[in-house]
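Before any comments, here is the structure.
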Amino acid sequence: MPWEPGFLFINREMDPSLVIFALAFSSATLALDNGLMRTPPMGWLAWERFRCDIDCRHDPSNCISEWLFRDMADRLAEDGWRELGYVYINIDDCWSSMDRDKEGRLQSDPDRFPSGIPKLARYVHDRGLKLGIYGDLGMHTCGGYPGTTLDTVAIDAQTFADWGVDMLKLDGCYSNSTVQEEGYPLMSKALNATGRPIAYSCSWPAYEGGLPPKVNYTQLGEICNLWRNYDDIQDSWDSVLDIVDWFSTNQDVLQPAAGPGKWNDPDMLIIGNFGLSLEQSRSQMALWAIMAAPLFMSNDLRTLSNEARAILQNKVLIQINQDPLGIQGKRLLQEKSRIEVFWRPLSESASALLFFSRRSDMPYRYKNALSQLGYTDGNYKVYDVFTGKTMPVLTHDMYFSVSINPSGVVMWLLSPIVHRGKAHSTGNPSLLHNHVE
Ligand SMILES: *[C@@H]1O[C@H](CO)[C@@H](O)[C@H](O)[C@H]1NC(C)=O
Ligand SMILES: *[C@@H]1O[C@H](CO)[C@@H](O)[C@H](O)[C@H]1NC(C)=O
Ligand SMILES: *[C@@H]1O[C@H](CO)[C@@H](O)[C@H](O)[C@H]1NC(C)=O
């Protein structure tokens, strides 16, 4: 259990320099005007777990085929996922035939998708879900299937719309900066021109190093609903850490880019696969919630353990991820003790605090006070997201201590206790983000 019952309070003098009333971040830029994804999208995406397994003869239940997507759609609809918001069921690479049809349209592989994508879309829609598909702006997809070149952008957008597709992930293998600069905005226009609301995931920034000046996040927010900034996730804790470090190191650039309708995408949730321990699985889910990340699971929903399911279906974690303000959180502190503190402001003056251990020895007792984390004068209700327990009321200047397991997290949802005529804000930890103990 990450929560320590011997919760410790020490009153200390309030430091007036830490009483800050400014509201946290603001986001003035526009988002892609298709009305979609006002909160981070949630669902399931085939890639990390099932890759380009096309061997349906020897591996029929795991190969990229209409049966795999129907199986996963059934699970999303029947196992409580849909009601929690996991509504996208997304195809990745290796779904198509090696050849376009005689009208120049993409077509699905006839052996692995014998019923075709329109029928799969109906199957998915009948279950209250949405279907995502994959394309690649270039000569070929990463897996070597037909790509979308500049002259086929319009026909591919129309094909996906005609099929009843709800989301497109557009990858960027086998192309170059010139083609991408023209092609990603072109596809955004082409999707809009179909008249069908189709959410648009752009891999563009990941191909340009993810940072300005090569990447223009203002522009991305205007043409894409989400974008992959960085490397593909792999089924390992190292990969999760690498992604978290890159996003945290560059948070001053990335954080302001996100907001309703436009999200940074640190890639799929790998919880329920082979690479993460239980503690690490909790950590991935908590960090993704702080980062306002899309929650696309890439796992086998047919064989998921109860522990993995409980993490992925944690209602308060999902509520934090889906907060309507859509403000991405930040890493506030990297302590010498290798404890890191993350924070995300939420609606109704609530906030999430995450204590993350990078240690590899034993549970670590971390001590701090909310006032040191940018919280203003006041009392806070504290709910422990993983134990489901409400803690004693915490005053901003009381010391608390939490026990954090190696590579694990403790996550709190905090709500100010408002007295009549006096509201408390969650302060402005951005002013403190460079502080290292
Ligand atoms: C980029 O790719 C396009 C299409 O393949 C090609 O015509 C163009 O010459 C390439 N540009 C550069 C700078 O390599
Ligand atoms: C297309 O763009 C216009 C203007 O930005 C917007 O009002 C409309 O809802 C969009 N339509 C679709 C289908 O995305
Ligand atoms: C980035 O894109 C925005 C919106 O398209 C544009 O106004 C701005 O000039 C671009 N910035 C740079 C540095 O190119």
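In what follows, every heavy atom counts, from backbone to side chain, and hydrogens, waters and symmetry copies are set aside. All ligand and atom numbering here is 1-based and tracks the order in the structure.
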Between ligand 2 and the protein, give all atom pairs where both partners are nitrogen or oxygen and the distance is under 3.5 Å, as lines of names plus distance to 0.1 Å.
unit_1: ligand 2; atom_1: 2 (O); unit_2: Asn192; atom_2: OD1; d: 3.4
unit_1: ligand 2; atom_1: 2 (O); unit_2: Asn192; atom_2: ND2; d: 2.3
unit_1: ligand 2; atom_1: 5 (O); unit_2: Asp33; atom_2: OD2; d: 3.1
unit_1: ligand 2; atom_1: 11 (N); unit_2: Asn192; atom_2: ND2; d: 2.9
unit_1: ligand 2; atom_1: 14 (O); unit_2: Asn192; atom_2: ND2; d: 3.2

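Two rings, from Tyr375 and His396, have their centers 6.0 Å or more apart.
Backbone and side-chain nitrogen or oxygen atoms of Asn216 are examined, and one is located within less than 3.5 angstrom of a nitrogen or oxygen of ligand 3. The distance criterion of under 3.5 Å between nitrogen or oxygen atoms is not met by Thr178 with respect to ligand 1.
Residues Gln180 and Ser175 have side chains that bring a donor and an acceptor to within less than 3.5 angstrom of each other. Side-chain contact of Ser239 with Ser236: a donor-acceptor pair under 3.5 Å is absent, judged by distance alone. Inspection of the Asn34 and Tyr200 side chains reveals no N or O donor paired with an N or O acceptor under 3.5 Å.
Listed for the Asp136 side chain is a donor-acceptor partner under 3.5 Å among the backbone atoms of Cys173.
Using a cut-off of 4.0 Å between Lys/Arg side-chain N and Asp/Glu carboxylate O, Arg302 and Asp300 are scored as salt-bridged.
Stacking of Arg127 on the aromatic ring of Tyr123 is recorded, both the 6.0 Å distance cut-off and the 45° axial limit being met.
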